[in-house]
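Numbering of ligands and ligand atoms starts at 1, following listing order.
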Amino acid sequence: MIQMLEETTLPINSVKLLASSRSAGKQLKFKDQTITVEETVPDSFKGVDLALFSAGGGVSKKFAPEAVKRGAVVVDNTSAFRMDPEVPLVVPEVNEKALYAHHGIIANPNCSTIQMVVSLEPIRQKFGLKKVIVSTYQAVSGAGNRALQELRTETQDYLDGKEMHADILPTAGDKKHYPIAFNVLPQIDVFEEDGYSHEEWKMIHETKKIMAGDMNSKAIKVTATCARVPVPVSHSEEVYFEVEDAKNANVAGIQAALRNAPGVVLQDDPDHQIYPMPINAEGSRDTFVGRVRPDQEEDNAYHLWNVSDNLLKGAAWNSVQIAEHLDKLNLLHMQ
Ligand SMILES: O=C(O)CCCc1cccc(C(=O)O)c1C(=O)O
């Protein structure tokens, strides 16, 4: 977040860093300034124009309304308000216009949702979109720094022939924990009654809200399988999608749509083994797309593979980008 703010076009004249009492007093750099982290209280937001939240849903629920009450516009990177009909859920390249309806809070979508809708929107605009089936290969950093540390420790233990230990993954919210090193976990977040994980639930309903305006829309059929893989940064996704206009759609047309799409870099040349990979996506704001090919059975269906840095476009960059678009549209104030 701090790096994205250091590099933003937003006209920032001062920055406050707010956290819990545990972090209050810590000093962090912002450009050439040293800023002391303050404990968050309601009046922390007095005189603040833009508040970026990314400290868990509970903190957002408690303080985002306080910030709005004091005149700030909030971009919230948690799921606290994503399904609230009063709160726009925004990926600027996809549904920028939803920003006009904000009442003080704008929600940043889940990282896996963001990179998928960035990849699919140019295709939808050209050929329509009926159905999406996505499988994700999510980096460990999506579960936080302690999970990243667990990946490193387990990897070293495995190489040293020692038993691996797991205390974090697949999720703090569940009872059992499994190693992620040299493994794949088909669980991200807790399971709902229907056997889908909460991460899968998010991808399904957030995609519907962003692309069809309603979290339960039947206009686009969406389903998801979300897995954790032993990669530190950047999520990968295999996406099967069915288009409306089967007659005019083809691989070249889909590649052309992607080649000119905002926030997308097309890396699609199998003859030269060119395709998106996490090691090439880390540190970039872009979503990399490749492996575009027709389905072998359905004449209106295609596949693609996308990769994006889950900490940037998946979180910090999309949040700051929303703020930049709010400023551009003169919406950085209460409606
Ligand atoms: O694990 C991943 O790879 C992505 C999960 C990201 C995440 C982690 C904790 C809480 C929330 C949340 O706000 O619900 C979210 C979110 O959906 O943004």
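- For N77, the heavy-atom gap to ligand 1 drops under 4.0 angstrom.
- Those atoms of ligand 1 with a heavy atom of T78 less than 4.0 angstrom away are 13 (O).
- Using a 4.0 Å cut-off between a side-chain N of Lys or Arg and a carboxylate O of Asp or Glu, E66 and R70 qualify as a salt bridge.
- At a heavy-atom distance under 4.0 Å, only side-chain atoms of I188, from C-beta outward, approach ligand 1.
- In this structure, the side chain to side chain donor-acceptor pair (under 3.5 Å) partners of S141, at least two apart in sequence or on a different chain, are N310.
- For atom 1 (O) of ligand 1, the choice among R228, Q138, H198 with the nearest heavy atom turns out to be R228.
- The protein heavy atom nearest to atom 5 (C) of ligand 1 is E199 OE1, 3.7 Å.
- At under 3.5 Å, a nitrogen or oxygen of G142, whether backbone or side chain, sits near a nitrogen or oxygen of ligand 1.
- Proximity of S112 to E237: side-chain heavy atoms (C-beta onward) are separated by under 4.5 Å at one or more points.
- Remark: atom 9 (C) of ligand 1 lies closer than 4.0 Å to no protein heavy atom.
- Atoms of ligand 1 lying under 4.0 Å from any heavy atom of H235, numbered from 1 in the order shown and given with element: 3 (O).
- Regarding atom 7 (C) of ligand 1, its nearest protein heavy-atom neighbour is K202 NZ, 4.3 Å.
- Checked by atom type, the side-chain pair Q115/S308 shows no donor-acceptor distance below 3.5 Å.
- Contacts of R82 with ligand 1, taken as heavy-atom pairs under 4.0 Å, involve the side chain alone.
- Looking at C111 against ligand 1, only its side chain comes within 4.0 Å, counting heavy atoms.
- Between the side chains of E324 and T8, at least one donor N or O lies within less than 3.5 Å of an accepting N or O.
- Residues V264 and L258 approach most closely at CG1-O, 3.5 Å, considering heavy atoms.
- When the ring pair (Phe, Tyr, Trp, His ring centres under 6.0 Å) test is applied to Y137, the partners found at least two apart in sequence or on another chain are W305.
- Using modelled atom types, one finds a donor on one side chain and an acceptor on the other under 3.5 Å when comparing K313 with Q321.
- Annotation: atom 12 (C) of ligand 1 to nearest protein heavy atom, S79 OG, 3.4 Å.
- T36 is listed as a side-chain neighbour of Q27, based on a closest heavy-atom distance under 4.5 Å.
- Using a non-hydrogen distance threshold of 4.0 Å, G57 does not register as a contact of ligand 1.
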